[in-house]
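Numbering of residues begins at 1 and proceeds along the displayed sequence. Numbering of ligands and ligand atoms starts at 1, following listing order.
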Amino acid sequence: MIHGIDWNRMWTEEMEKSSWKKRRGDMTEFWDKRARRFNQSVKDDDRPARILSKLDVDPECSVLDIGAGPGTLTIPLAKIVKHVTVVEPSSGMLAYLDKNAANEGLKNITCINKEWEDVYPGEDLDEYDIVIASYSLSMLDMAKALSKMDTVAKRSVYLFTFAGDRMWDYTDLWPKLYGEEYRAGPDYIYLYNILYQIGILADVEISTTEHKQRFSNLEDAVEQWKENLGISTPEAEKVIQAHLTAKLIKENGSLWSKNTMRSVSICWRK
Ligand SMILES: C[S@@+](CC[C@H](N)C(=O)[O-])C[C@H]1O[C@@H](n2cnc3c(N)ncnc32)[C@H](O)[C@@H]1O
């Protein structure tokens, strides 16, 4: 019965129907624009440390980090492993990764400025002890993307993603701005089932975590939301301001956005 369900096709359909995909088109351009603030937000977050504590790494191993962003995991990993290879399509994100690596004096990172779909084992890719994709699973053909990860992994593959709501929840705001329901896109349950259908029985761990981001004031927060949404009309600004006034929390002279989410780690060993 389960074999009659095409989880990969359902993943592609849900991705295509997701609000971001429909509104934003080119996601690399989207990440280029978000790079500066994303780099900053990672520094206030305990997510990188939480993820690192789950990885089975040692000083001799090689790591592949897919969709590394500004080096959220690459930078701390490069301090403890032999070499990290990054596949990251956003040159804006890579510019921050380079800067972060230079600040730490790290010279064991290689970057490939491409999408995961456009790199090939034996050409751009070698084999790696550990393969990681953290909050970067936006490929449309997920079965193909996951099979490629499995092909280049020698020891283990780790995926980090969401169950249900994302770290940024637009459920309330989206209809006010665009007059349509917000659709977040597919979550971990699709990934787990796609893996099952390509013959990989993965371990799954779900935990409740808090995602928080600090803003110096309300204007700063409004600017970020406008930037994220790519929207700048005075009407939209009013809607965003009202939304954030109700949502942000004041603490120690700063404003905080705090969201509880269900974080998922999916891991399989070779
Ligand atoms: C939310 S950020 C996550 C960054 C980092 N891994 C982390 O955990 O903070 C998503 C990143 O995935 C990258 N990305 C999106 N689609 C990708 C693809 N098809 N192949 C490789 N990277 C991709 C984006 O450019 C972006 O830098």
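- Note on M93 and Y96: separate hydrophobic clusters, where clusters join Ile, Leu, Val, Met, Phe, Trp and Tyr whose side-chain heavy atoms are under 4.5 Å apart, directly or indirectly.
- Between the S254 side chain and the E251 main chain, no donor and acceptor come within less than 3.5 Å of each other.
- Less than 4.0 angstrom separates some heavy atom of E115 from each of these atoms of ligand 1: 20 (N).
- Ring geometry for F30 against W20 counts as tilted: the plane angle lies between 30° and 60°, on a 0 to 90° scale.
- Interface of S90 with ligand 1, defined as ligand atoms under 4.0 Å from a residue heavy atom, comprises 25 (O).
- In this structure, M27 falls outside the shell of residues with a heavy atom less than 4.0 angstrom from ligand 1.
- At a heavy-atom cutoff of 4.0 Å, ligand 1 is contacted by the backbone of A68 but not by its side chain.
- For the residues E88, M93, R47, K114, the heavy atom positioned nearest atom 9 (O) of ligand 1 is part of R47.
- Comparing heavy-atom distances from atom 24 (C) of ligand 1 across W31, F38, F30, Y135 singles out W31 as nearest.
- Counting heavy atoms under 4.0 Å from ligand 1, residue W116 touches it through both backbone and side chain.
- Defined by atom type and a distance below 3.5 Å, a donor-acceptor pair is missing between the side-chain atoms of S18 and R183.
- Of the candidates S136, A133, G67, it is G67 that places a heavy atom closest to atom 4 (C) of ligand 1.
- Under the 3.5 Å distance criterion, the side-chain polar atoms of N8 are matched with a main-chain donor or acceptor of M142.
- Of all atoms in ligand 1, listed by their number and element, those nearer than 4.0 Å to a heavy atom of S138 are 15 (C), 16 (N), 17 (C).
- Selection from S134, S41, A145, G69 by nearest heavy atom to atom 3 (C) of ligand 1 gives S134.
- Among V86, D45, D118, T72, the residue whose heavy atom lies closest to atom 7 (C) of ligand 1 is T72.
- Judged purely by atom type and a 3.5 angstrom limit, N108 uses its side chain to pair as donor or acceptor with the backbone of A78.
- For the ring-ring contact (aromatic ring centres under 6.0 Å, His included) with Y135, the qualifying choice from Y188, F162, W31 is F162, the only one to do so.
- Not a single heavy atom of F160 sits under 4.0 Å from any atom of ligand 1.
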List the steps, then state whether side chain to side chain donor-acceptor pair (under 3.5 Å) holds for W268 with D150.
CA-CA 9 Å; W268 70 95; D150 189 57; 2.8 Å; yes
